[in-house]
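What follows is a set of notes on a single structure, which appears directly below.
For reference, positions follow the sequence shown, starting with 1. Both counts, for ligands and for their atoms, begin at 1 and track the order of listing.
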Amino acid sequence: MRILIVGAGYVGLCTGVMLSESHDVTLIEIDERKVRRINSGISPIYEKGIEHLLQERVEQENLKAQLPNAEVGPVDMVLICVGTPASSDGSVNLDQVSSAVDFILSRVDELIREHMIIVMKSTVPPGTTRKYVKNRVKHTEFQDKIGVVFNPEFLREGSALEDAKNPDRTVIGCSNSDEFERVKAMYTPVLAEDSQVFIQTNLESAELCKYVSNSFLATKISFANEMANIAEKIPGADIDEVMKCVGLDNRISPKFFRAGAGYGGSCFPKDTAGLRSLANTLDVDTPIIDAANEVNSERPEKLVRMLRSELDLLSGKDIAVLGLAFKPGTDDTRYSPAIKVIDILVEHGAYVRVHDPLSSKIQEKINLPKEVQITDNLEETMREVNGAILVTDWPIYEDLGLERIVESMKNRVFVDGRRVFANSEIPRGVRYITVGTGCSE
Ligand code: UDX
C-alpha cells in the first residue's frame, strides 16, 4: 500500500517506521529540520531502536519525509498523527487536526486513486472524527471513494516501536466492514503474529476507548500511590509486596501498579484532563479522575517533605535530583514529576543539581531556573550535596548501587521516589527514605 502520514512526531514517526516494513510510507512534516534529519536517517526523537530501523527504511526508499507543499501522488491511506495538546482550561486543542484535514482535502484530487481511507490516530474527543473529517468529506465529490476511521494508538514512550508492532489489540472505529477490512489489511503484514487482534466498533466508541484506557491506567497508578501512603503508616508494610499480592488477581493485573513519584508524560495528564473537560461539557462529574489527578499532583511535594523532615531547612542547601525525564528511556520532560520537585526545592531556597543520562538532549529543549545546574555526570551531581531525591528510575542508578551513588555526598540523606533501593542493603551512615514502606515518614 501507499501510505501518507501527516505529522512526524512520536506517533507518526514510530507508526511510519513500523508500517514501512511492508508499505511505501511518506511522512508530511512542517518542520524542515525534522524532514532533513529523517531523510538522512537521523531520528528527531530519542526512541529505543528507531535510529537503525529509520536508516534502513530510508535507504530502502520505503520511508521518506517531505514538507506539505511537495508532490505526493495517489495513496491508499492517510494517517493523521498530529498533536492534540491540552488548552489551559484542560480542553483539547484541535487546531493541528483541523489543519491536517484542510491539507488532505486541499490535495484530494492528487491523493485519490480508486479509494482512500483517512485514518485518525491522534487522540481526539469523541465526535471529533465525525465532525472534523467524515462530515467534511461528505461535502466533496469523493465521498463514495473516501473512508474515515478512528484508530487509536497505545504507544508508550521508550518502547513505542515494540508497542507499535505488538499491540494487545488494534481498535478500528468505522462505519462499515469495508473500511474495517482495508485498515486491517494495512496492519496484518506488519504486526507480530500474536498481535493480530482487531476490534471493529463505531467512531465515537473508539475515540472514547482511548481516553478511558489512559485515564484508567493513570487511576491505577494513583491508587497504588494512595495505598503507599497508608502502607507508610503501618510498621512492616511494604507496598510492593502488597501490590504484588493484589495484582495476582487476574481481574486486576500487577501492571501499572508501581507506587512512586507519580505519572508525567504527554498523555496521562493531558488525556485525564481532556476526558474530565469532555465530561463536564456533558454535565457529568468525574470524581474518580479528579481524585487520580489530585493524588498524582501531591507526589512531588511529598518527596520534598520527606527530605525536609530530615534536613529541616532547605534554604541555602545543595540538593541533588536524580532523573529529569518523565520516565526512563526518553528525553521527554513534559509534565515530569522531577520538574515539580525542582520548582519546590528552588522555592525553599535550595541550590539544585540535576542528573539525567540524557541531560544534553534535554537541555536543548527546556529552560531551568538559574539556581539549577543539569549534568549527565553523576559524581559531579552528588559531590558534597546535603541531600538527594531520586525521581526517575533510570537503570544507571540501580546498576551503580546506592553505596557508589552516595559516597561523595556531604550529608547522606537519600529520598528514593521510585523505590529503586527499597529492597537493597542500605549502607551504614545513609539515611534512606522511600515511599510505601512502613514508618518511612
Ligand atoms: C502512556 C500509555 O501507557 C500509552 O498506552 C499511551 O499511548 C500514551 O500514554 P507513556 O505516557 O508514554 O504511555 O508512558 P508510561 O509508560 O505509560 O508511563 C507514564 C507515567 O506513569 C510515567 O511517568 C511513569 O513513571 C508512570 N508510571 C507508570 C508509574 O508511576 N507507575 C507505574 O506503575 C507505571
Distance under 6.0 Å and angle within 45° of the ring axis: does Arg404 meet both against Tyr397?
no
Using the salt bridge (charged side-chain N to carboxylate O under 4.0 Å, His left out) criterion, which residues pair with Arg37? Sequence neighbours excluded.
none
Applying a heavy-atom distance cut-off of 4.0 Å, which protein residues contact ligand 1?
Glu153, Phe154, Leu155, Arg156, Glu157, Lys210, Asn214, Ile221, Phe256, Phe257, Arg258, Gly262, Tyr263, Gly264, Cys267, Phe268, Phe326, Lys327, Arg418
Tell me, do Leu79 and Leu4 make a side-chain contact under 4.5 Å, heavy atoms counted?
no
Hey, is Glu21 close enough to Lys165 for a salt bridge, meaning N to O under 4.0 Å?
yes
Tightest non-hydrogen contact, residues Phe257 and Ile252, listed as CE2-CG2, 3.4 Å
What class does the angle between the rings of Tyr432 and Phe421 fall in, given that below 30° is parallel, 30 to 60° is tilted and above 60° is perpendicular?
perpendicular
